[in-house]
Structures are given as C-alpha cells and as structure tokens.
Amino acid sequence: MNSEDFHFDSGGPGLAANELERELLRRISAGDRDAFRDLYLRYHRRLARFLTRLLHRYADAEEIINDTLWIVWQRAGEFRNASRVSTWIMGIAYRRALNMIRRAATHERAMMLEIAESEGSVSDSAQALEQRQLLAAGLAKLPLEQRLVLEFTYYMDHSCEEVAEIMECPVNTVKTRMFNARRKLRTILADSAPGLEKSL
Amino acid sequence: MNNHLQSERCEEEAARLLPWHVAGRLDAADTARVTRHLARCTICREDEVHERAIRALMKTESSVDYAPQPGLARTLSRIDELERESPASTPAIAHAAAIPAHRRSAVPWLAAAALVQAVALGAIGTVMFHRQAGANQEPRYATLFADVTPPADGEHIRAVFAPDATLGALNDLLAANALSIVRGPSHAGVYTLAFTDPHEANGRLDRAVAALRANGQVRFAEPAPHDEVALR
C-alpha cells in the first residue's frame, strides 16, 4: 500500500495534509487542472473504498466520486477554511451517496445482503480476510446512520464534531449513534461471529 | 475479552468519547478526561481494547486497487464540455465575476475592455433582436428540445440536472422558484432557465441560484450572462 494513498489525516489533525489540500483547492479555484488531478488522485481511493462499502456497487461509487470531485472543481473557491478539506469533501460525498440510496432504495436491499467482500488477495492471511469479512457482515447489519458514524470515525479518523458537520446533525446525535452502533455491533458479532468477538 | 455483559456497559460521558480517544481525535481536555476515567473503569478499559481491535480491522487495507484514471478522464472531459458550453463555469472566471465592483475597478484596463465588449455584444444583440422582430414569423411547429429564444429581458440561469432527476421533482423545483426551462439541453446537458414572470425576477436571481445549488437534483447552477443568452 502506498502510504500517500492512504493519507487520512490519520492519527489526529493531519495539519500538513490539510494545508496541502487547501493549497490544491486554492489552485483549483483558479482553474488549475493539475491541482484538480492531484486532489482527485488523493481522494479516489478513500472515497472508492468508503462508497463501495456503503453502496455495494463500484459503478455507483464511481458515479458519486466523479460527482463529488466535479462539485469540488466548481466550488473550490467557496471553501472558507471553516473545516478541514477532508471534512468538506466527505460531506459532499456523503450527501450525494445518501441521495442515491434514498432514490434507489438500495439501503433496504443492502441491509438484506450478506456482504461477500470480494477483496481477497494472495497477500492477505486467511484469518485476516475472514475477520474482515465477518466484521463487514456485522457492520452491514447496523442501521445506516450508525454504520456511517463508525466508518467516519474509525476508517477516516474524523473527530466527533467533524462527523456531525459531515452528517449535518448535532454532536450529541453522533455520540448517541456511536454508542448504539458499538453496542449493537457487539451483540451482532457475539451472535453471528463469536469467534471474531472473542478474538477482539 | 468480552467478559462483561451488555448491561454492564459504562454510561458515563467519558465512555461516549472513547471511540474518538481510540481514533486520536480528542482535544487535550477530553483526552485527559477519558484517560482519568480509564484509570478507574474496568469496563471502559476492556472496551478500549475492543474498539482498538475493531478500528485496526476496519483500517486494514485490502489489496484491491481502484483504478482512478478512467473516472478522472471522464470528469476532466465533463469539465471541458461544460466550459465549452458555459465559460462562466470555469472556477477562475466565476471567481472573477464574483469580485466586488470596488475591487474590479483596481484593474481599469480590464474594465475598459469589458465595457467595449459589452457595447459590441449589445449592438450585435440589438441587431439580431430587430432582425428577428422584423421577420415576425411564428414557428409553425416546435420540438421538445428545440431552442426557444428566451425573452430579451429578465434574468437567466444555466443549470445541469442529475441524470436520474425525475420530471416531477424538477417541475416542483422549478415551480417553487418561479422558473421555467427556456432552452436546452445542450450537448453538455445545460439548460437555460428563466423566471416565469420576468418582472418579478428582480432580486430573486441569487436566491434562485442558491436554491438550485442546494438541491440534490441539480449538478450545476449559475447566472447566465445576458449577452450570451440573447445571442444564442
């Protein structure tokens, strides 16, 4: 894995990454396509993974990615540094994805699906792959809003306040969703994957 | 490690912050608060281990490679297409258009050039208007996507709608903002919108553009330059 690809402002504020992305936005607002290309490539992998998990179809994920980055191109000049760039972009992607889910009612369909992640690779150990699949199946059984809070926090390292901003809800709602998500996930894993739950 | 029962979960506020402590996204005060709590709460210490394991598993990257190039190429192509259709959609141009008048006056040559251009375009527009008025011929038929010349006065908006936007939703959106489609779609999917009553359009343009932009069915909305609308 290229560490540059997986650059989630991880481990805290990620100030250097945010500064770089702010500069990219400034250049994009002046019509700089190289800057747009850089930003697109920085965000594609994280958006692809997040949205594919959310929408279950890469084609849908890619449509949202392209929509999101297209909006970034259009509105880069409107970014006011009130939040991190990643929060702003994830907010756009989240709202687009939510619209797609609501329109297509894929959420209900997705909730009934057992996630069969086709992400196996020769470099993954069988145990790690199985654990990821079990966890993914457990996450898929959570209500969408709860699952997203977990994704934004654990996968993308967003703060509670940032998750609230992305999901356009009060901070306390995020905390409650997280609390319920953790409790429910634990119950799900204990029932459906007791081996995984014990190993955690 | 899951020794405690669900009923034994800690309900304190510090426990609710635990996930962000695990993610390293608490400020110093909350970090200290959670750390103090962890020192005395067995349940939360167990939870912390569990949450770190969940996070590590979620963070585990698979070897799947998502190819960004096709999507990037499509998006750049879409930008090219839109800019050909609507040059004002270029961020730099749109930004310049948004510069307040007192700042624009700092570049007098640009203002002069714009004035000359405006006069020239106005003249062309007038000629075309009179030519059209002189002809005074009503079209004998119309097609669904035929260009409909919008009224010469009034404000216009150029917009791109989501491909899966429903007709009913668009009708509602346009009606709510007293807009109607007067031209489009172009090859890039751009529609030109006008206020149903041009006399009531004064001061409503910005609000209508904002309302369109806020709507999930709208991909792009921008005030259309008068000259551009009149000349097309």
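The chains referred to below are lettered A, B, ... by the order of the sequence lines, with proteins before strands, and numbering in each begins at 1. For clarity, every value in this text was computed on a predicted model and none was experimentally measured.
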request  = Against chain B, label Val171(A) side chain, backbone, both or neither, depending on which of its atoms sit under 4.5 Å from a heavy atom there.
outcome  = neither
task = Please assess Arg186(A) against Asp47(B) for the test side chain to side chain contact (heavy atoms under 4.5 Å, CB included), listing each intermediate value before the final yes or no.
result = CA-CA 10 Å; Arg186(A) 210 150 177 166; Asp47(B) 274 357; 2.6 Å; yes
ask   = With a 4.5 Å heavy-atom cut-off, do Arg37(A) and Thr75(B) have their side chains touching?
value = no
request  = Determine the minimum heavy-atom distance between Lys175(A) and Leu17(B), stating which atoms define it.
outcome  = CE-CD2, 3.6 Å
key: chain A contact via Ala15(B) - side chain, backbone, both or neither, heavy atoms under 4.5 Å   = backbone
request  = Answer with side chain, backbone, both or neither: which region of Leu185(A) has an atom nearer than 4.5 Å to a non-hydrogen atom of chain B?
outcome  = side chain
query = Taking C-beta and beyond as the side chain, do Leu18(B) and Met178(A) meet within less than 4.5 Å on heavy atoms?
reply = no
task = Working to the nearest 0.5 Å, report the span between CD of Gln131(A) and OG1 of Thr60(B).
result = 8.5 Å
ask   = What part of Asp67(A) is in contact with chain B, defined as an atom under 4.5 angstrom from a non-hydrogen atom: side chain, backbone, both or neither?
value = both
request  = With a 4.5 angstrom heavy-atom cut-off, could you sort out which part of Asn99(A) is near chain B: side chain, backbone, both or neither?
outcome  = side chain
ask   = Non-hydrogen atoms of chain A under 4.5 Å away: do they reach the side chain of Glu13(B), the backbone, both or neither?
value = side chain
4.5 Å side-chain heavy-atom contact, Leu72(B) and His44(A) = no
task = State, yes or no, whether a side-chain contact exists between Arg55(B) and Asp157(A) at a heavy-atom distance under 4.5 Å.
result = yes
query = Roughly how far, to the nearest 0.5 Å, is the SG atom of Cys160(A) from the CG atom of Asp30(B)?
reply = 9.5 Å
key: Thr153(A) OG1 to Ile54(B) CD1 distance, which is reported to the nearest 0.5 Å   = 13.0 Å
message = Run Trp70(A) and Arg74(B) through side chain to side chain contact (heavy atoms under 4.5 Å, CB included) and show every step you take.
response = CA-CA 10 Å; Trp70(A) 195 67; Arg74(B) 273 196 295 277; over 6 Å; no
ask   = chain A heavy atoms under 4.5 Å from Arg52(B): which part of the residue, side chain, backbone, both or neither?
value = neither
task = To the nearest 0.5 angstrom, please state how far the OH atom of Tyr155(A) sits from the NZ atom of Lys59(B).
result = 7.5 Å
remark   = Okay, Asn180(A) and chain B: the region with an atom under 4.5 Å from a heavy atom over there is neither
inquiry  = Once rounded to the nearest 0.5 Å, what's the spacing between atom CZ of Arg25(B) and atom OH of Tyr154(A)?
reply    = 14.0 Å
ask   = Going by heavy atoms in the side chains, are Met58(B) and Arg132(A) under 4.5 Å from each other?
value = no
inquiry  = Heavy-atom pairs under 4.5 Å with chain B - which of Glu63(A), Arg95(A), Arg96(A), Glu161(A) has more of them than the others?
reply    = Arg96(A)
ask   = Less than 4.5 Å apart, any side-chain heavy atom of Thr176(A) and any of Arg16(B)?
value = yes
Any side-chain heavy-atom pair of Arg182(A) and His50(B) under 4.5 Å = no
key: Atom group of Leu76(B) that falls short of 4.5 Å from chain A, counting heavy atoms   = both
